[in-house]
Structure formats: structure tokens, C-alpha cells
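First the structure, in the form of C-alpha cells, and then the observations on it.
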Amino acid sequence: MQDLTAVRAALRAQRIETPSWAYGNSGTRFKVFAQEGVPRDPFEKIADAAQVHTYTGIAPIVSLHIPWDRVEDYTELAQFAREHGVRIGAINANVFQDDDYRLGSVTNPDPGVRRKAIDHLLACVDVLDATGSRDLKLWFSDGTNYPGQGDIADRQGLLAEALAEVYARLGAEQRILLEYKLFEPAFYMTDVPDWGTAYAHCLKLGSRAVVCVDTGHHAPGTNIEFIVAFLLRAGRLGAFDFNSRFYADDDLMVGAADPFQLFRIMHEVVRGGGLAPAVGVNFMLDQCHNIEPKIPAQIRSVTNVQEATAKALLVDAQALADAQRAGDVLAANAVLMDAYNTDVRPLLRELRVEQGLAPDPVAAYHASGYAERIRAERVGGTQAGWGA
């Protein structure tokens, strides 16, 4: 049996980071449906993120995306976040939307474009300094669409050179989170297509370069929990970008397509000690809510991760180890399934009440009147979205 006191303590200590871009007008590649009351600038995005923390109690961190969240004074933005009970987390660089990056950014054949991309990454480190943030998250859309379009090995060299320059600029407590993606927008070959490539580059850079696992960035059938277990064991799991996918990189609410997979991932996190703050795993969301209201969708996403974590914490580790050593296949699987099939919602409701929170975060948000207020106040101006 698991120690419920330890389980409750771990759940109270859990922290989940929400993304600024989840609150603006964002969504699919084909059509973004505008909603009333969405933020018009990064300050309003942070105010909305603070609502998620208000009702869940475990989401006090907000990721920024540059230039989507560019402001004149990042110190002021960080202070605004603190005044709203949250803080700025990972800074996400954007070297994929500018027209100059049609053939890539740091692996572009044009040295001028490569310099422009690296300068942007270095400017993002300046944002880390101004906001007191720890993590610079890098995702590169670089790759090729056709065989022969670029030299695969040479491009890896250019990527390594760019990463090394940025790594050298980091402060003593700052990290690179290197993300990977199987495909899109490069369809023949992507320069950072998988966790192994990201891991190899991180090993070359040093201990403050770690891998970010986006749960939507894998081929169908990929065992993501194996990747998580391997990277945790190697000390190189830096962050998650939690979302959900039915076909490709869908960016839907985490746990929507396969809640059992989310549980399996969190089981490996718990098994590998990844919940401990000292390990440094950043549990982030990366979602774009196109047809559902933004703030309730983020609240639901946070609670979905929380529920999967609670179930993972309830796995009887001793019984599982005993069954595994005995080679009892069915008993070992039953230990996991017993934890997964446990209804943890009453436990989480009790924890919220103990912390002075409403037992149902979504219902409490709806009852607060915040949605009606921002719809009335945020009229006019340009609503922030992917192109912000």
C-alpha cells in the first residue's frame, strides 16, 4: 500500500506551467476562430494565466513566446506577473515564422540568415536575464522537403555550432531545453527529428542542456514512456510539452486522446524521481484552444495532469517490484491497472478544500464572473494570437 500522506504531499507540491499562447487566438494551421475577451497583449495573457492558478493552486508559472510576447520592458512584465501571483517561466524562441526562414534558420544555406537566427536566440537569453527565468526552449523547424536539397551531415554541424554559441551565453543557472519533432514543416528530413538527436546534442553541449519531450511529436505507436524513463535515468529530461494527439501534432488538451498514456508517462516520472524539484523537470502545457474557451481548457488540462499524477503516485511500488522479480506478468500489470482505475477525484477535491480552494476549479471559474468581465472590457484593439 502507498503512504497517502506522501501522496498528498507530492500532489500539493506539484507545479504545472501554462503557455501564454494558449490564451490568445490560436489553433490549427488552417483556420483560427477568434473568441471574445481573449488577451490583447502579454499582460492580459498573464492575467488570464493567473486565473488558472487561482482555481487549481498548482499553475503559478507562465511560458512566454518571443516575438509573440515581445514588450518594451520585460522586467516590468515579470513584476506584473508577480503582482498577479505567478511568475514567468520558459522563454520560447521563434525561428520559424519569418520569411527569411523559408529554407531554415540556424541550418539555412545563407550565412546571413543563420546569423539572424542565432542573434534572436541570444536576444531570448537577454529575456531570461530580465525576467529571472531559467529555461530557454528551442524548437527548430529546420529541415528539407526533398532528397538532395541540403547536406544532412553539414546541417548537423551548423546546428551544433549555433547551439554551442547560445549555450556559452547562458548564465550559471540557466538551461537550454531542446525540443524535437518528427516532421512538419520539413517533410523529407528534419534536423532535430527525435529524442536521440536532441539527446546527442545536449550531451555535447554540457549538463545545462536537456531534452524537452512534446507528447505530440512522435510517430504513431512510439513508446513515449520509454523515452521518459531513459532520459530521466540519464539526467537529461528537462521538460514536457503536454498536449494530446489523435493523428499528428494536434495540440489538444492533454489526456484527451489517450489518458492511459498520460498515466504511463507519469508513472515513469514518479518511478524515476522526476517529481522532485531538484531534478528540474518542467511540466509544461503546449496547447492551442481553437474551438473551446481558453481559460477553462487550461484549467481542465492542469487537472488532467494532476489526476494522472495522483494515479501514478498510487501505484504500489513494492507489489509491482515483487511481481516483476517473480516474472508474474499478470500480477505486475494488475498493479498498474489497479492504480489507473482508481477514482482520484475525491482525493483531489479534498486537497483543494484543505488549501482553501473550491473543489471544482472549472465550476469556480465560471461562477467568478471573470469570463463575462473580460468579454466586456476587452473590446477593440488587436487581439493577440500566433502572429502577435
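Note that the coordinates shown come from a computational prediction; the quantities given were computed from them, not determined experimentally. Positions are given from 1, in the same order as the sequence printed here.
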Do Gln298 and Asp48 have a side chain donor and acceptor closer than 3.5 Å? no
Backbone N or O of Trp21 within a donor-acceptor pair of the His65 side chain at under 3.5 Å? no
Would you mind reporting whether Cys212 and Leu178 have side-chain heavy atoms less than 4.5 Å apart? no
Any pair counted as side-chain hydrogen bond (donor to acceptor under 3.5 Å, both in side chains), so long as it reaches residues 33-42, sequence neighbours left out: Arg40-Glu44
Hey, are Glu372 and Arg375 close enough for a salt bridge, meaning a charged N less than 4.0 Å from a carboxylate O? yes
Under a 4.0 Å N-O cut-off, is there an ion pair linking Arg102 with Asp99? no
Mind checking whether Leu252 and Asn243 have side chains closer than 4.5 Å, heavy atoms only? no
Point-to-point distance, once rounded to the nearest 0.5 Å, from CZ of Arg169 to CG of Leu122: 7.0 Å
Hey, could you give me the CG/CG distance between Asp3 and Leu314, rounded to the nearest 0.5 Å? 11.0 Å
Within the 4.5 Å heavy-atom criterion, are Val106 and Val95 side-chain neighbours or not? no
The complete set of side-chain hydrogen bond (donor to acceptor under 3.5 Å, both in side chains) pairs with one or both residues in residues 340-349, sequence neighbours excluded, reads Asp343-Arg345
Working to the nearest 0.5 Å, report the span between NE2 of His218 and CZ of Arg245. 9.0 Å
Side chains of Ser368 and Tyr55: closer than 4.5 Å at any heavy-atom pair? yes
Which hydrophobic side chains are connected to Phe187, either touching it within the sub-4.5 Å cutoff or through other members that do? Leu182, Phe183
Carefully, step by step, assess Leu237 and Val210 under the rule side chain to side chain contact (heavy atoms under 4.5 Å, CB included). CA-CA 6 Å; Leu237 179 63; Val210 287; over 6 Å; no
Between Glu292 and Arg300 (salt bridge meaning N to carboxylate O under 4.0 Å), is one present in this structure? no
Give a yes or no on whether Val127 and Val62 share a hydrophobic cluster (residues Ile, Leu, Val, Met, Phe, Trp, Tyr; joining criterion: side-chain heavy atoms under 4.5 Å apart). yes
Distance-only donor-acceptor check, side chains Asn25 and Gln383, under 3.5 Å: yes
Rounded distance [0.5 Å steps], OG1 in Thr309 versus CG in Leu275: 6.0 Å
Taking the six-membered ring where the residue is Trp, are the ring centres of Tyr180 and Trp139 under 6.0 Å apart? no
Assess whether a salt bridge exists between Arg115 and Glu165, defined as any Lys/Arg side-chain N lying under 4.0 Å from an Asp/Glu carboxylate O. yes
Report the residues that fulfil ring-ring contact (aromatic ring centres under 6.0 Å, His included) with Phe230, sequence neighbours left out, ordered by chain and then residue number. Trp195, Tyr199
Taking Lys181 first and then Asp249, would you say they form a salt bridge - that is, a charged N and a carboxylate O separated by under 4.0 Å? yes
Taking the six-membered ring for Trp, are Phe283 and Phe240 closer than 6.0 Å centroid to centroid? yes
Applying salt bridge (Lys or Arg N to Asp or Glu O under 4.0 Å), which residue pairs with at least one partner in residues 218-243 are found, sequence neighbours left out? Lys137-Asp241, Glu225-Arg264
Counting only N and O atoms by type, is there a donor-acceptor contact under 3.5 Å from the side chain of Glu173 to the main-chain atoms of Arg134? no
Is a donor from one side chain sitting under 3.5 angstrom from an acceptor on the other, for Gln149 and Asn145? no
Before accepting this row, confirm whether a basic side-chain N of the pair Lys116/Asp98 lies closer than 4.0 Å to the acidic partner's carboxylate O. yes
Test: Arg208 cationic atom under 6.0 Å from Tyr167 six-membered ring centre, within 45° of axis: yes
Do the side-chain N and O atoms of Asp142 and Asn108 include a donor-acceptor pair separated by under 3.5 angstrom? no
Could you check if a side-chain atom of Val305 sits within less than 4.5 angstrom of a side-chain atom of Leu285, using non-hydrogen atoms only? yes
Does the pair Arg8/Glu350 count as a salt bridge with the N-to-O cut at 4.0 Å? yes
For residues 75-86, which residue pairs qualify under side-chain hydrogen bond (donor to acceptor under 3.5 Å, both in side chains), counting only residues two or more places apart or in two chains? Gln79-Arg82, Gln79-Glu83
Would you say the side chain of Ser301 lies within less than 4.5 Å of the side chain of Phe242, judging by non-hydrogen atoms? no
Do Pro19 and Gln287 make a side-chain contact, defined as non-hydrogen atoms from C-beta onward lying under 4.5 Å apart? no
For the residue pair Thr197 and Asp194, establish whether any side-chain heavy-atom pair is separated by less than 4.5 Å. yes
